[in-house]
Amino acid sequence: MAATPSSSSDVKVADTKTLLVDLHVSYIQKLGENKDELMYHLTTHLRLNAVYWGFTALSIMGRPDALDRDEMVEFVMSCWDDEAVIMSLQQPSGVFAGDCWGEIDTRFLYCAVNALSLLGRLDELDREKTVGYLKRCRNFDGGFGSVVGAESHAGQVFVCVAALAILDRLDVIDVDTLGWWLCERQLPNGGLNGRPEKLEDVCYSFWVLSALSILGKVPWIDAGKLESFILSAQDPEGGGIADRPGDMVDVFHTHFGIAGLSILGYPGLVDLDPVYCMPANVVEKKGLRKGWKALERRS
Amino acid sequence: MPLPDPDGVPLFAERPEWADVLPLEQYEDVNPIAPIFYTEEYKAATNYFRAIVKAGEKSPRVMELTESVIRQNPAHYSAWQYRYETLTFLLASTTSDSTPKGALPPLLAAELTLMDELAVQFLKTYQVWHHRRLLVSLTKQPSRELALIKRSLEVDSKNYHTWSYRQWLLSSFYGADENGREQDDDDEGETIEAREVWEAELDFVDTMLAQDVRNNSAWHHRFFVVFHSGGTEHEAEKERIFKRELVYAKQSISLAPSNPSAWNYLRGILTHTRTPFATLETFVKPYTVAQKSAGDAEKRDIVDLDNPPPSAEAELPCVQALEFLADIFETQGASEPGKENTEKAVELWKSLANQYDTIRKKYWEYRIREAHHGKEPRT
């Protein structure tokens with residue numbers, strides 16, 4: 001009998017050795033209802049992100065219809081700003097600002113490159129200037145930081161590597177050094193951290209794995225142990241995934257945990273494109289797939 | 001997450017000075033997938049905030065209002081942005097001759113004082129640090145910032161924002177642009193100050209690493225300071241700096257051998273200076289074998305700066321040393337007809353795969369395959 005994601009109705013007390021798909025779906029569906037929680041109103045600026053995280057996680061679990069499509073579209077369109085133009089945010093150095101306030105970060109550079117690519121407007125981008133900035137963010141350990149001079153950090157490694165993948169400039173990367181640095185992120189308990197000597201966290205399952213998969217090096221880490229670590233951070237009662245076992249769950253870690261499991265070939269999940277962090281078939285339909293490599297999907 | 005201010009400050013709706021503003025509710029017409037419900041204080045403050053933004057008001061009370069929003073939710077992006085716009089507007093319109101020459105306008109000084117408090121309180125918030133960057137770009141007084149950062153690192157010694165703020169400050173104000181070149185600067189006084197700042201920076205890193213030799217942020221900062229500070233063009237000086245750093249890295253490894261940050265730094269300086277790893281074979285070898293007996297440890301009384309031995313309580317062999325020695329053997333083996341050293345590297349990789357670093361077994365097996373297929377060595 002092939003292993004499939006377990007259904008929470010099958011078992012009385014769900015274990016955390018398998019992905020609790022039904023519980024996670026219902027957790028995400030209920031997110032909009034927990035309005036009394038203090039955290040909820042403090043994260044208003046993340047609401048659009050939350051919709052993306054929730055919807056992508058559902059899509060990867062094969063349940064894209066679990067949220068009301070029209071409501072999502074309506075909400076996203078309510079965030080529309082018809083004065084904002086992506087290209088206006090590029091700075092002379094090549095990096096992008098997040099908005100007119102002027103905060104700069106390779107995260108914003110990635111967002112810009114990603115969005116321009118999805119819009120089919122990469123031809124408007126000065127590629128040399130953009131890649132030039134990324135080169136200057138490269139550190140002696142092979143990694144990348146948030147700005148020139150900043151420490152390597154797995155989250156920033158993802159945005160820089162994915163941006164370079166979209167721009168077809170992976171040649172900028174010292175693959176041996178960075179690949180080693182990324183697989184050095186795995187700790188004895190199987191989890192991944194974001195920097196040396198820091199704690200493991202489920203979200204790095206995606207930041208580290210996505211970069212490894214773009215470099216074709218996912219097999220370098222112990223996939224079984226990482227999978228067990230992600231699964232052990234599930235809440236077997238209310239659903240959702242936390243940063244590490246025993247902590248409070250949230251939609252951010254739920255999404256990145258499931259995204260990581262998809263890259264690890266977890267049975268029953270939909271392929272995730274690590275460059276765009278979207279379902280692979282969506283990216284393929286747009287003809288934007290790059291040469292990344294995940295582990296083979298187990299059945 | 002901070003709770004709304006509990007000490008009895010009345011809501012904006014109860015205060016006469018806000019009576020002229022009609023609060024603006026969020027999402028009047030939309031029914032979003034994720035509607036937001038607030039605590040009363042926060043809801044009130046943000047409703048007034050939306051009304052102020054809509055009216056385009058930039059008055060002193062906006063500073064109070066945005067402070068209230070920010071204290072309740074330091075990640076409120078728009079409140080930060082509008083606060084800064086209001087601040088610059090007020091600064092431009094209130095510049096008077098009464099401010100003594102060289103002193104900051106009172107409004108800006110007050111903002112900095114407030115930010116000193118908020119920076120330490122809301123360390124992990126991106127906005128706190130960006131706002132500071134903008135303020136310092138106005139004041140052009142970076143020196144007080146270095147002291148503030150020191151205090152903030154006492155609270156969280158690996159805070160990413162704090163460190164990158166420090167790096168930004170140093171490159172922006174003290175001479176090295178982002179390409180590591182010294183900026184044009186005719187003012188000799190400023191050049192001397194910059195030199196002193198960079199020298200003090202090295203002492204600062206020493207202090208941080210003395211507190212925690214495993215602090216990767218501090219190791220990164222060390223590389224930044226040593227190699228990105230404009231540096232020197234003089235070969236002899238370069239050589240002196242390289243030797244100093246080599247001794248520093250080795251001493252740190254000797255204190256705590258299984259410290260990936262120190263080994264990565266060592267690799268970093270060797271690669272940066274194109275120094276063959278093989279020059280460190282004598283240093284590395286004692287770290288690749290099991291700890292000797294206590295008697296041997298006692299014989300280490302003689303201090304050898306070039307080859308400091310592992311501390312007596314160190315757990316050996318250490319993974320990073322085995323990897324380093326294997327890299328040396330791999331390089332040596334590549335140019336030998338008999339490939340004897342390649343086989344020595346393979347033995348080390350096997351021990352990593354099967355005994356000392358089993359979680360990365362697949363990686364070590366990959367290295368073995370690559371070496372056998374005659375791939376170019378790495379070092």
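All chains are named by letter (A, B, ...) in the order of the sequence lines, taking the proteins before the strands, and each is independently numbered beginning at 1.
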Side chain, backbone, both or neither: which part of B:Trp80 has a non-hydrogen atom closer than 4.5 Å to chain A?
both
For a side-chain contact (heavy atoms from CB on, under 4.5 Å) with A:Phe140, tell me which candidate from B:Phe224, B:Phe223, B:Trp219 qualifies.
B:Phe223
Taking it one step at a time, do A:Trp101 and B:Tyr84 satisfy ring-ring contact (aromatic ring centres under 6.0 Å, His included)?
CA-CA 9 Å; A:Trp101 197 32; B:Tyr84 181 70; 7.4 Å; no
Engaged part of B:Tyr265 at the chain A interface, taking heavy atoms whose separation is under 4.5 Å
both
When the 4.5 angstrom heavy-atom criterion is applied to A:Leu187 and chain B, the contacting part is backbone
Between the side chains of A:Glu151 and B:Asn216, is a donor N or O closer than 3.5 angstrom to an acceptor N or O?
yes
NZ or CZ of A:Arg107 within 45° of B:Tyr126 ring axis and under 6.0 Å:
yes
Side-chain touch B:Glu323/A:Trp180, heavy atoms, less than 4.5 angstrom
yes
B:Pro260 and A:Glu184 have their tightest heavy-atom pair at CB-OE2, 3.7 Å
Report which part of B:Ser217 has an atom under 4.5 Å of a heavy atom belonging to chain A: side chain, backbone, both, or neither.
both
I'd like to know if the side chain of B:Lys158 reaches the main chain of A:Glu197, judged simply by a donor and an acceptor atom lying under 3.5 Å from each other, with no hydrogens or angles considered.
yes
How far apart are the C-alpha atoms of B:Trp129 and A:Glu103, what are their side-chain angles, what is the distance that settles it, and do they pass the side chain to side chain contact (heavy atoms under 4.5 Å, CB included) test?
CA-CA 9 Å; B:Trp129 297 102; A:Glu103 184 185 359; over 6 Å; no
Treating B:Arg360 as the side-chain partner and A:Gln186 as the backbone partner, does any N or O pair qualify as donor plus acceptor under 3.5 Å?
yes
If one checks every heavy atom of B:Ile269 against chain A at 4.5 Å, the contacting part turns out to be neither
I need the residue from B:Arg214, B:Gln81, B:Glu365, B:Arg166 with the largest number of non-hydrogen atom pairs under 4.5 Å to chain A.
B:Gln81
Can you establish whether the number of heavy atoms outside A:Lys293 located under 6.0 Å from its atom NZ is more than 12?
no
If you count heavy atoms of other groups shown closer than 6.0 angstrom to CD of B:Gln355, is the number above 12?
yes
Winner by heavy-atom pair count (cut-off under 4.5 Å) against chain B, out of A:Gly179, A:Gly224, A:Ala150, A:Pro188
A:Ala150
When you check the side-chain N and O atoms of A:Thr177 and B:Arg267, is any donor under 3.5 Å from an acceptor?
no
Heavy-atom neighbours of B:Lys124 NZ exceed 12 at 6.0 Å:
no
Quick check against the 3.5 Å criterion: does B:His220 have a side-chain atom that pairs as donor or acceptor with the backbone of A:Asp141?
no
Derivation of the side chain to side chain contact (heavy atoms under 4.5 Å, CB included) call for A:Asp222 and B:Lys361
CA-CA 8 Å; A:Asp222 188 325; B:Lys361 188 180 177 68; over 6 Å; no
Under 4.5 Å to a heavy atom of chain A? For B:Gln167 that would be side chain
Just say parallel, tilted or perpendicular for the rings of A:His153 and B:Tyr160, cut-offs at 30° and 60°.
perpendicular
Heavy-atom pairs under 4.5 Å with chain B - which of A:Gly98, A:Gly190, A:Cys183 has more of them than the others?
A:Cys183
Heavy-atom cut-off 4.5 Å, strictly under: side chain, backbone, both or neither for A:Pro219 against chain B?
backbone
I want to check something: taking the side chain as every heavy atom from C-beta on, are A:Lys217 and B:Tyr366 in contact at a cut-off of under 4.5 Å?
yes
Between CZ on residue B:Arg133 and CD1 on residue A:Ile104, distance to nearest 0.5 Å
7.0 Å
Using the rule given for side chain to side chain contact (heavy atoms under 4.5 Å, CB included), can you reason through A:Val148 versus B:Trp168, listing the C-alpha separation, both sets of side-chain angles and the distance that settles it, and then say yes or no?
CA-CA 8 Å; A:Val148 172; B:Trp168 171 82; over 6 Å; no
Under a 4.5 Å heavy-atom cut-off, does chain A meet the side chain of B:His131, its backbone, both or neither?
both
